[in-house]
Amino acid sequence: MSGQEKHKRKSQKLKEKVDASIEKAQIERGIFLVITGNGKGKTTAGFGTVTRAVGHGYKAAVAQFIKGTWACGERILLEQHGVPFSVMETGFTWDTQDRESDILAAKSVWADVKQYLQDPELHLVLLDELTYMLSFDYLDKQEVLDAIKNRPENQTVIVTGRGAIRELRDLADTVSVIKDEKHAYTAGIKARQGVDW
Ligand code: ATP
Ligand code: MG
């Protein structure tokens with residue numbers, strides 16, 4: 001058999017396999033996606049999906065559980081397209097010292113998120129850096145899990161952040177763990193506007 005024939009036969013087999021698994025996936029509903037791990041790209045992937053949804057004319061909402069030092073470019077763009085943002089204006093940063101004010105800030109963003117998670121008009125809800133709120137016990141774990149579980153059927157929820165707790169991973173339909181193989185920062189290269197935020 002020639003190389004070309006071999007290749008043809010192989011790709012035919014692959015196509016049959018892929019078609020069969022596409023055929024098998026018949027359930028239509030929103031999913032719960034967790035993007036975790038130590039590598040770069042979690043928030044980027046979350047916002048990429050929001051852009052997808054908005055591009056198709058769906059409604060989406062974003063909550064950010066980290067106090068923004070810089071306004072991220074995605075917020076500037078997506079707000080122009082009517083995407084509501086709930087952002088921690090005070091409180092939690094990476095080097096936080098004040099637990100009480102962090103918890104207050106977390107709860108105030110969570111109050112908005114509860115509304116998002118009950119709104120069937122929202123095709124997609126991005127909960128950026130929510131993982132820390134659970135690993136630091138800033139929000140009630142069961143309340144968060146229940147709210148995600150009981151969301152409207154067609155709503156997709158994305159949680160990003162390092163160290164997603166087991167219960168989040170268990171509840172998720174899809175879990176992606178982004179591995180840190182290498183990062184420019186460790187070579188002394190500064191975070192850049194338009195790339196890192
Ligand atoms: P991004 O927002 O670029 O998608 P991320 O959401 O995966 O990154 P976070 O854990 O939220 O990463 O980290 C926030 C900031 O730290 C970002 O500016 C990101 O570029 C940077 N960062 C991400 N991964 C690493 C790493 N492995 N080492 C150093 N800095 C990192
Ligand atoms: Mg992030």
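Counting convention: from 1, in listed order, for ligands and their atoms alike. Scope of the values below: all heavy atoms of this structure, side chains included, with no hydrogens, waters or symmetry mates. Predicted, not measured: the structure shown is a model, and the values here were computed from it.
- No side-chain donor-acceptor contact under 3.5 Å links Ser176 to the backbone of Ile35.
- The existence of a salt bridge linking Asp196 and Lys190 is excluded, since no basic side-chain nitrogen approaches an acidic carboxylate oxygen closer than 4.0 Å.
- In this structure Lys114 satisfies the side chain to side chain donor-acceptor pair (under 3.5 Å) test together with Glu143, sequence neighbours excluded.
- Within the 4.0 Å heavy-atom shell around ligand 1 one does not find Ala191.
- The option with the heavy atom closest to atom 3 (O) of ligand 1, from among Glu74, Lys40, Arg192, Glu181, is Lys40.
- Looking at Asp180 against ligand 1, only its side chain comes within 4.0 Å, counting heavy atoms.
- Counting heavy atoms under 4.0 Å from ligand 1, residue Asn38 touches it through the backbone alone.
- Here the angle centred on the Mg ion (ligand 2), running from OE2 of Glu129 over to OG1 of Thr43, is 90°, rounded to 10°.
- Across Glu129, Lys182, His183, heavy-atom proximity to atom 25 (C) of ligand 1 is greatest for His183.
- By the 30° and 60° cut-offs, the orientation of the rings of Phe136 relative to Tyr132 is tilted.
- Set against the non-hydrogen atoms of Arg162, the atoms of ligand 1 under 4.0 Å away are 10 (O), 13 (O), 22 (N), 23 (C), 24 (N), 25 (C), 26 (C), 31 (C).
- Of the N or O atoms in Val195, none lie within a sub-3.5 Å distance of an N or O in ligand 1.
- For ligand 1, the atoms closer than 4.0 angstrom to any heavy atom of Tyr185 are 29 (C).
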